Amino acid sequence: MTEAQPRLRAALRGIPAYKPGKPAVSGTGAPAYKLSSNENPYPPLPGVMETVAEAARSFNRYPDMGCAGLTAELAKRFDVPETHIATGTGSVGVAQQLLQATSGPGDEVIYAWRSFEAYPIITQISGATAVPVPLTEGEVHDLDAMAEAITDRTRLIFVCNPNNPTGTVVRRAELERFLDRVPSDVLVVLDEAYREFIRDAEVPDGAELYRDRPNVCVLRTFSKAYGLAGLRVGFAIAHEPVAAALRQTAVPFGVSQLAQDAAVASLRSEEALLERVEALVAERTRVSKGLTEQGWTVPETQANFVWLRLGDRTLDFAAACERAGVVVRPFQGEGIRATIGEREANDLFLRAAAEFRGEL
């Protein structure tokens, strides 16, 4: 007799697994670098380690569930009401809360594709129907096509700006035109995880766009530019009904006190942050230029990574990089994303790309 199994939701069947960046391992003893997870190669900002060490003395206690100190600091930093701030376990955690608050069976969620690989996962978990809209030939969001995909079942739209993994952006005029076309009862989520790396003056700041648009929510994270990826803290800026819904759907005590205190200390170390980001942007320019000079077609990136479309050579290229001592993020049949890391890592990546180019 076969024992009955617990009944699980049918929506969970066939959910694609999130693929984290592969760790860098060298079998030869030579340095190996991980360029597969868009991590910041620098250590925590000045003062952060000391703050975390002090906070660790109290981790036998629950953290502040409302993240009051961090919320106040963020509200001051962005000049918004504290009621417009909601925190979570990284921006992806906040994104999942948004889906819990807006979408379920019978609803539709629109996003560009390829874009952040968590979007289809968290959409399917919610039970909603994913509506992926292909990027343009230039690897940019096709906002006209996304607007045309809106139906009376659409509840949420993700706009990843800069887009992960292509690094491309949508600029002010096209984004505002798109927002004007979206019905006021559909939530548009501007995912700005890489906002600090943008140097294109025509790319709008979502924290400004949202102010007179109640159906716009902005996602930010401390994982990338701030270098707190391992502590899992992100936040949303949204009008009060949306922010309140995010607080309702948050996992109680989800953001540790270590993460909260480290985020506050990081916000107060902005001068050092800007110096590090500027150094990474300079390296991004150097890597992009180097790839272009080798003959690669490189989309203009405003993030801390570059994208190469390789089609059926994707896994071969990733393997060549790994042999050279750097691990990149392959998307089978499509291309690779390589994070801008230490100069030594970037040099190894450029060398591997040049050698692979010679083999084509």
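It should be emphasised that the depicted structure is a prediction, and the values quoted were computed from it without experimental measurement. Sequence positions, counted from 1, serve as the residue numbers for this chain. Keep in mind that the numbers below use all heavy atoms, side chains included, and drop hydrogens, waters and symmetry copies.
- A single hydrophobic cluster is not seen to contain both Phe331 and Phe356; linkage of ILVMFWY side chains at heavy-atom distances under 4.5 Å, directly or through other members, places them apart.
- Linking Ile, Leu, Val, Met, Phe, Trp and Tyr residues whenever their side-chain heavy atoms come within less than 4.5 Å leaves Met146 and Leu135 in two separate clusters.
- The backbone N or O of Arg114 lies less than 3.5 Å from a partner atom in the side chain of Asn163, making a donor-acceptor pair.
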- Task: Starting from the C-alpha separation in whole Å, work towards a yes-or-no answer on side-chain hydrogen bond (donor to acceptor under 3.5 Å, both in side chains) for Ser184 and Asn215.
- Result: CA-CA 6 Å; Ser184 60; Asn215 69 326; over 6 Å; no
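- No option in Val203, Val218, Leu219, Asn161 other than Val203 meets the side chain to side chain contact (heavy atoms under 4.5 Å, CB included) test with Arg195.
- Under the 4.5 Å side-chain criterion, counting only non-hydrogen atoms from C-beta, Trp307 is not in contact with Thr301.
- To the nearest 0.5 Å, atoms CZ (Phe178) and CG (Asp142) are separated by 10.0 Å.
- A salt bridge does not link Arg337 to Glu117: none of the charged nitrogens lies less than 4.0 Å from a carboxylate oxygen.
- When atom types are taken as modelled, the side chain of Asn40 and the backbone of Ala225 share a donor-acceptor pair closer than 3.5 angstrom.
- Between Thr102 and Ser126 there is no side-chain heavy-atom pair separated by less than 4.5 Å.
- Arg284 places a side-chain N or O within donor-acceptor distance of the main-chain N or O of Phe197, the cut-off being under 3.5 Å.
- For the residue pair Ile122 and Ala95, the shortest heavy atom distance occurs at CD1-CB, 3.8 Å.
- Remark: the backbone N or O of Ala354 is paired with a side-chain donor or acceptor of Gln294 at under 3.5 angstrom.
- Side-chain atoms of His239 come within 3.5 Å of backbone N or O of Arg211 as a donor-acceptor pair.
- Shown here for Val328 and Ala338, the closest heavy-atom pair between the two residues is CG1-CB, 3.8 Å.
- Between the side chain of Arg357 and the backbone N or O of Gly295 there is at least one donor-acceptor pair closer than 3.5 Å.
- Of the possible polar contacts, one joining the Thr136 side chain to the Gly138 backbone as a donor-acceptor pair under 3.5 Å is found.
- In terms of heavy-atom proximity, Ser115 sits nearest to Trp113 at N-CE3, 3.4 Å.
- Counting heavy atoms from C-beta outward, Val242 and Leu98 have side chains that approach closer than 4.5 Å.
- Contact detail for Thr339 and Ser36: the closest heavy-atom pair is OG1-N, 4.0 Å.
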- Query: Are Ser58 and Gln257 close enough, and set up right, to give a side-chain hydrogen bond (donor to acceptor under 3.5 Å, both in side chains), and what steps lead you there?
  - Reply: CA-CA 9 Å; Ser58 304; Gln257 198 63 50; over 6 Å; no
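- Without hydrogens or angle criteria, Arg153 side chain to Ile150 main chain gives no donor-acceptor distance under 3.5 Å.
- Note that CD of Glu271 and CG of Leu45 are 11.5 Å apart. Values are rounded to the nearest 0.5 Å.
- Between Tyr111 and Phe116, the ring centre distance reaches or exceeds 6.0 Å.
- Nearest approach of Ala345 to Val326, heavy atoms of both residues: O-CG1, 3.5 Å.
- A heavy-atom distance below 4.5 Å is found between the side chains of Phe349 and Val306.
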- Please lay out, stage by stage, how Asp200 and Gln302 fare under the test side-chain hydrogen bond (donor to acceptor under 3.5 Å, both in side chains). CA-CA 7 Å; Asp200 185 335; Gln302 293 290 319; 4.9 Å; no
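- At least one donor-acceptor pair under 3.5 Å links the side chain of Gln260 to the backbone N or O of Asp64.
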- Apply the test side-chain contact (heavy atoms from CB on, under 4.5 Å) to residues Asn164 and Asn38: give CA-CA distance (whole Å), side-chain angles for both, the deciding distance (0.1 Å), then the verdict. CA-CA 10 Å; Asn164 176 15; Asn38 296 340; 3.9 Å; yes
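- If you look at Tyr210 and His84, their ring centroids are closer than 6.0 Å.
- Remark: Arg220 engages Glu192 in a salt bridge, criterion side-chain N to carboxylate O under 4.0 Å.
- Using a 4.5 Å heavy-atom threshold, the side chains of Thr151 and Val131 count as separate.
- Counting non-hydrogen atoms of neighbouring residues, nucleotides and ligands closer than 6.0 angstrom, the CZ atom of Phe253 exceeds 12 such neighbours.
- Atom CG of Asn346 is separated from atom CD of Glu283 by 4.5 Å, given to the nearest 0.5 angstrom.
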- Start with the C-alpha gap between Arg199 and Glu300, add the side-chain angles, then the distance that decides, and say whether salt bridge (charged side-chain N to carboxylate O under 4.0 Å, His left out) holds. CA-CA 11 Å; Arg199 292 298 178 270; Glu300 182 182 350; over 6 Å; no
- Item | Criterion side-chain contact (heavy atoms from CB on, under 4.5 Å) on Phe222 and Leu231, from CA distance to verdict | CA-CA 9 Å; Phe222 285 92; Leu231 289 181; over 6 Å; no
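- For the pair Ser266/Leu273, no side-chain contact is recorded, criterion being any heavy-atom separation below 4.5 Å from C-beta on.
- Atoms CD and CG, on Glu342 and Asp347 in that order, are 11.0 Å from each other to the nearest 0.5 Å.
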- Item | Full working for side-chain hydrogen bond (donor to acceptor under 3.5 Å, both in side chains) between Ser223 and Arg232 | CA-CA 7 Å; Ser223 296; Arg232 310 309 305 130; 3.0 Å; yes
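- Glu196 contributes atom CD, which lies 9.0 Å from atom OG1 of Thr221 (distance to the nearest 0.5 angstrom).
- Under the 4.5 Å side-chain heavy-atom criterion for ILVMFWY residues, no single connected hydrophobic cluster contains both Val169 and Phe158.
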- Please assess Gln96 against Thr249 for the test side-chain contact (heavy atoms from CB on, under 4.5 Å), listing each intermediate value before the final yes or no. CA-CA 9 Å; Gln96 186 160 12; Thr249 53; over 6 Å; no
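- Atom CZ of residue Arg276 and atom OG of residue Ser269 lie 7.5 Å apart, to the nearest 0.5 angstrom.
- Of all non-hydrogen atoms in Ser256 and Pro63, the two that sit nearest each other are C-CB, 3.9 Å.
- In terms of hydrophobic clustering, with Ile, Leu, Val, Met, Phe, Trp and Tyr side chains grouped at heavy-atom distances under 4.5 Å, Val255 and Phe59 are assigned to a common cluster.
- Arg247 places no side-chain N or O within donor-acceptor distance of the main-chain N or O of Gly66, the cut-off being under 3.5 Å.
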- Could you check Arg213 against Glu176 for side-chain contact (heavy atoms from CB on, under 4.5 Å), going step by step and ending with a plain yes or no? CA-CA 10 Å; Arg213 296 180 183 270; Glu176 290 185 339; 4.3 Å; yes
- Item | Worked check of ring pair (Phe, Tyr, Trp, His ring centres under 6.0 Å) between Trp296 and Phe317 | CA-CA 13 Å; Trp296 295 99; Phe317 183 91; 5.6 Å; yes
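- Side-chain contact check for Tyr194 versus Ile198: every heavy-atom pair is 4.5 Å or farther apart.
- Residues His141 and Glu174 have side chains not in contact (no heavy-atom distance under 4.5 Å, counting atoms from C-beta outward).
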